[in-house]
Amino acid sequence: MITVKLPQNAEKLLADMAKASGRTIEQVAVEAILETIEDWQDARIAEERLIALERLNDGEGDWLSLAEVKERLGLDDASDRSDG
């Protein structure tokens with residue numbers, strides 16, 4: 001369990017939002033915290049992917065064609081499948 005001391009204006013805004021949305025203050029606070037954590041995680045993933053892409057562009061990695069990716073993953077092309 002976490003206890004957080006909020007500035008008075010933030011506490012009022014939180015209470016107003018909870019009332020307007022028909023939820024409890026706790027529900028609104030938990031949702032806001034979880035959304036912030038998810039946004040932070042998404043930003044970290046995006047940053048890691050950007051760094052990896054920059055490395056590829058600098059010649060530090062190997063580019064694969066779509067066909068090579070499909071082959072390595074064992075995926076066949078949908079156009080190669082027969083329905084019967």
Side-chain angles (χ1 to χ4, degrees):
M1 178 170 174
I2 294 177
T3 302
V4 177
K5 183 166 176 62
L6 296 174
Q8 192 171 10
N9 62 336
E11 191 172 339
K12 167 114 175 59
L13 289 170
L14 188 61
D16 291 346
M17 185 177 179
K19 184 176 180 181
S21 65
R23 296 177 290 167
T24 67
I25 291 173
E26 291 79 11
Q27 289 170 323
V28 172
V30 167
E31 183 179 316
I33 291 168
L34 290 175
E35 285 181 14
T36 300
I37 291 169
E38 289 171 359
D39 289 347
W40 175 77
Q41 289 174 323
D42 290 344
R44 288 188 61 209
I45 292 168
E47 183 178 6
E48 290 170 3
R49 290 179 179 171
L50 181 59
I51 289 168
L53 183 59
E54 288 172 349
R55 286 184 182 146
L56 284 173
N57 287 332
D58 290 340
E60 295 179 27
D62 294 326
W63 285 95
L64 299 176
S65 70
L66 179 57
E68 291 170 319
V69 171
K70 287 181 177 182
E71 182 180 331
R72 287 186 183 198
L73 295 176
L75 303 174
D76 58 355
D77 200 4
S79 63
D80 293 341
R81 294 184 203 142
S82 63
D83 292 337

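Side chains are part of it too, since the values below use all heavy atoms of this structure and drop only hydrogens, waters and symmetry mates.
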Using a 4.5 Å cut-off between side-chain heavy atoms of Ile, Leu, Val, Met, Phe, Trp and Tyr, which other residues end up in the same hydrophobic cluster as [X]?
X: Leu66; value: none
X: Ile51; value: none
X: Ile33; value: Ile37

Any link between [X] and [Y] through a network of hydrophobic side chains (Ile, Leu, Val, Met, Phe, Trp, Tyr) touching at under 4.5 Å?
X: Val28; Y: Val4; answer: yes
X: Leu34; Y: Ile2; answer: no
X: Leu13; Y: Ile25; answer: no

Inset, instruction - Would you give the length of the straight line joining atom CG of Leu50 to atom CD of Glu54, rounded to the nearest 0.5 angstrom? - result: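 So the gap between those two atoms works out to 4.0 Å.
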Inset, instruction - Find the distance between CD (Glu38) and OG1 (Thr36) and round it off to the nearest 0.5 Å. - result: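 Nearest 0.5 Å value for the CD-OG1 distance: 9.5 Å.
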Inset, instruction - With sequence neighbours left out, write down each residue that passes side chain to side chain donor-acceptor pair (under 3.5 Å) with Ser65, or none if nothing qualifies. - result: Glu68
Legend entry - Sequence neighbours excluded - side chain to side chain donor-acceptor pair (under 3.5 Å) pairs with any residue from residues 39-53: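 Applying side chain to side chain donor-acceptor pair (under 3.5 Å) to every pair that reaches into residues 39-53, excluding sequence neighbours, yields nothing.
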Which donor-acceptor pairs under 3.5 Å do side chains of residues 16-23 form with protein atoms, sequence neighbours excluded?
unit_1: Asp16; atom_1: OD1; unit_2: Lys12; atom_2: NZ; d: 3.1
unit_1: Asp16; atom_1: OD2; unit_2: Lys12; atom_2: NZ; d: 2.9
unit_1: Ser21; atom_1: OG; unit_2: Met17; atom_2: O; d: 2.9
unit_1: Ser21; atom_1: OG; unit_2: Ala18; atom_2: O; d: 3.3
unit_1: Ser21; atom_1: OG; unit_2: Arg23; atom_2: NE; d: 3.0
unit_1: Ser21; atom_1: OG; unit_2: Arg23; atom_2: NH2; d: 3.4
unit_1: Arg23; atom_1: NH1; unit_2: Glu31; atom_2: OE1; d: 2.4

